[in-house]
S.K.: 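Have a look at this one.
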Amino acid sequence: MRRLIVAAALLSIGSAQAPRPVPSERQRVEGPHITTPKEALGFNFGDDYQLANYKQIEAYWKTLDRESDRLTLHDMGKTAEGRTQWMAIVTSPDNHRRLQRYRDMSRRLALAEGLSDERARALAKEGKAVVWIDGGLHATETLGAQQLGQMVYEMVSRDDEETRRFLDDCVILFVHANPDGNDLVADWYMRNAIPEQRSLANLPRLYQKYIGHDNNRDFFASTQAETENINRVLYHEWLPQILYNHHQSGPAGTVVWSSPQRDPYNYNLDPLLILGLQALGTHMHQRLAAEGKPGATMASGGSYDGWWNGGIRNTGNFHNILAILTETIGSPTPMRIPLVAQRQIPSRDLPYPIAPQEWRFKQSVDYSMSFNRGVLDYASRNRENLLFNIYKMGQRSITRGSGDYWTPSPSRINALPPTGGRGGSPEADAAAWATLRKPELRDPRAYVIPSNQPDFPTAVKFVNALREVNVAVHRATASFQAQGKSYPAGSFVVMTNQAFRPHLIDMFEPQDHPNVIPYPGAPPTRPYDNAGWTLAYQMGVEFDRLLEPITGPFEKVTQWNLPIPAVKAPCDRRQN
């Protein structure tokens, strides 16, 4: 597994940028010229039969970086095919001068270590909301990369009061999630000189070199170069409070599906996370409605739930980030919204239906701009709460891992006797509660991964996956004992009293997905994605669950790419 760390960039974002040229008197009065997409590309993002490839977007961002003091490009690392993966950091010029300070505050609050509520409040008051907006992860979902190019242009060129407020209150991380795929798909589409004959069909190879569409199934394993680049920024460097992940396509008869997701939410997630997703998603939908943009659905309007941990926004949720998803229609080739009769009745999850009609790519870009600005508006207006709440979620995870805690379990609830847990007598309720709170059922305080297990190299790979997403891991410098068992030096110890406890519990413990049955006798509602995925089980890692606190000769693992030990050859017992 290849790792690339751009060390200089990690240490110097914001603090070691080259000084910007002093604007001339004319520029101070009129503002510098910002190159438009049409001037740079020969067409606008969203024009019919036009797709910008990554080479064009990269060149355009570099032009904007030269022209605007609102934008700085950060080299995230190389892609699978060797391209530079860029992140455009956009904020006000004043914020750029203190960028490292704001990044450090965002990290401190997310990790929630050594902070009092009073100190966290002070940091939240001073800090800026950090918002991640990506595009292009699934390259054949062509809207993602195009809207990203348009949004960066608007944020560096617009000078209205709302845009200035966004720039003052937020640090925005615009990330192109799949440069290789963007070049492949756009070049394939544009290969035909006759625009009306262009097609995305029959793409000749995977749009991520090794795993194609499954690049959004990799974010808890971090096996691909782009995933590593993204996870490094998300969980080691910036730790944003909001993540917005653009996808396609919307459900038939609508324009877009957006968070919040439908039930079930994963029981490891903090209630502040679930409520935050609802508040943010509702704010986005309100913006579309206020702008007269119908056709947006949410929650039960799509199949997406809050259960699985593995896609970019899912893994973000398990790190206490308000990470959201949209699925939007749109194609450079004009299309049509069909009539789906049941989607013409307004409901809580589809309050503003859309009529069947012809649809152009530019309309999808416009909807994306509205959603992006809705996210930034929410972040700006709720800046202090976002910063403080991510601290509270981390603090609560640390508290849960420091004492006795029982994660809710549908199977245990369903196993209760009919006389208990069904609104019975106080005595029956107390007995049922005691059943749910049996000491042996409580969550572990720590997991120990022994170094003398047969396939320790695979165990190290598992630890690397945890470290890639900044789960804290310790290693024993000498042998030790715990719960009456001896462990050798070199064993790993993963304490659960840490901010990212939801993620680490999900990597060690079996998932207990509820049976979602709409009515008696109905087939169960299928989960959107995997219902069970415990990575330690999948990799065959041997570990012990410790239900009591543990201390020992432990050192914190600071790397997130531990060398894999050589596999020992088996003894040859053949007779000479």
Side-chain angles (χ1 to χ4, degrees), residues 247 249-271 273-282 284-285 289 294-311 313-314 317-318 324-327 329 337-354 356 406-425 428-429 431-433 435-437 441 502 506 509-534:
H247 280 275
S249 183
T254 73
V255 176
V256 59
W257 178 94
S258 166
S259 295
Q261 294 82 256
R262 64 174 175 87
D263 286 330
Y265 280 91
N266 188 289
Y267 306 117
N268 289 313
L269 298 175
D270 193 278
L273 189 285
I274 297 170
L275 292 168
L277 293 173
Q278 293 174 10
L280 174 56
T282 301
M284 295 164 66
H285 282 262
T297 188
M298 68 186 102
S300 65
S303 60
Y304 313 99
D305 58 36
W307 184 257
W308 177 58
N309 182 344
R313 62 98 181 169
N314 310 75
N317 287 163
F318 286 82
I324 61 165
L325 167 77
T326 56
E327 299 273 352
I329 67 171
I337 297 176
L339 172 63
V340 179
Q342 62 267 33
R343 295 195 185 273
Q344 290 301 310
I345 303 297
S347 67
R348 183 193 66 176
D349 293 342
L350 180 57
Y352 192 3
I354 190 168
W406 290 259
T407 297
S409 166
S411 61
R412 292 176 192 166
I413 295 291
N414 292 335
L416 289 173
T419 56
R422 303 291 191 272
S425 68
D429 286 351
W433 187 252
T435 298
L436 294 175
R437 289 297 186 270
L441 298 180
D506 234 42
E509 297 291 323
Q511 285 71 46
D512 189 359
H513 192 282
N515 294 321
V516 183
I517 300 176
Y519 55 89
T525 301
R526 294 178 59 184
Y528 170 65
D529 217 297
N530 296 333
W533 57 82
T534 308

S.K.: Could you check whether any side-chain heavy atom of N515 comes within less than 4.5 Å of a side-chain heavy atom of P524, counting everything from C-beta outward?
M.R.: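 No, too far: nothing below the 4.5 Å cut-off.
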S.K.: Is W257 close to L325 at the side-chain level, that is, under 4.5 Å between some pair of heavy atoms?
M.R.: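 Of all side-chain heavy-atom pairs linking W257 with L325, at least one is under 4.5 Å.
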S.K.: Do N314 and D529 come within less than 4.5 Å of each other through their side chains, counting heavy atoms only?
M.R.: no
S.K.: With heavy-atom distances below 4.5 Å as the criterion, would you say the side chains of P353 and P346 are in contact?
M.R.: yes
S.K.: Check the pair T534, E509 against side-chain hydrogen bond (donor to acceptor under 3.5 Å, both in side chains), reporting the backbone distance first and the verdict last.
M.R.: CA-CA 6 Å; T534 308; E509 297 291 323; over 6 Å; no
S.K.: Side-chain contact, heavy-atom cut-off 4.5 Å: H247 with Y304?
M.R.: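 No, too far: nothing below the 4.5 Å cut-off.
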S.K.: Can you tell if the side chain of R437 reaches within under 4.5 Å of the side chain of L441, non-hydrogen atoms only?
M.R.: no
S.K.: Minimum heavy-atom separation for S259 and H285, please, with both atom names.
M.R.: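 Heavy-atom minimum between the residues: O-NE2, 4.0 Å.
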S.K.: Show your reasoning for whether side chain to side chain contact (heavy atoms under 4.5 Å, CB included) applies to L339 and Q344.
M.R.: CA-CA 8 Å; L339 172 63; Q344 290 301 310; 3.9 Å; yes
S.K.: Tell me every residue that passes ring-ring contact (aromatic ring centres under 6.0 Å, His included) with Y265, counting only those two or more places apart in sequence or in another chain.
M.R.: none
S.K.: Can you see which heavy atom on S249 is nearest to which on E327, and at what distance?
M.R.: N-OE1, 3.2 Å
S.K.: Identify the heavy atoms of W533 and N309 that sit nearest to each other, and give their distance.
M.R.: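 Here W533 and N309 meet closest at CZ2-N, 3.5 Å.
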S.K.: So, for P264 and V516, which heavy atoms are closest and what is the spacing to 0.1 Å?
M.R.: CD-CG2, 4.3 Å
S.K.: Quick one: does L436's side chain get under 4.5 Å of W406's, heavy atoms only?
M.R.: no
S.K.: Which heavy atom in T254 sits nearest to a heavy atom in I329, and how many Å separate them?
M.R.: O-CG2, 3.7 Å
S.K.: Determine the minimum heavy-atom distance between M284 and I324, stating which atoms define it.
M.R.: SD-CD1, 3.2 Å
S.K.: Under 6.0 Å from the CH2 atom of W433, do we count more than 12 heavy atoms belonging to anything else shown?
M.R.: no
S.K.: Look at the rings of H513 and W307 and say which category their plane angle falls in: under 30° parallel, 30 to 60° tilted, over 60° perpendicular.
M.R.: perpendicular
S.K.: Any side-chain heavy-atom pair from P410 and Y267 closer than 4.5 angstrom?
M.R.: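 Yes; the side chains approach each other to less than 4.5 Å.
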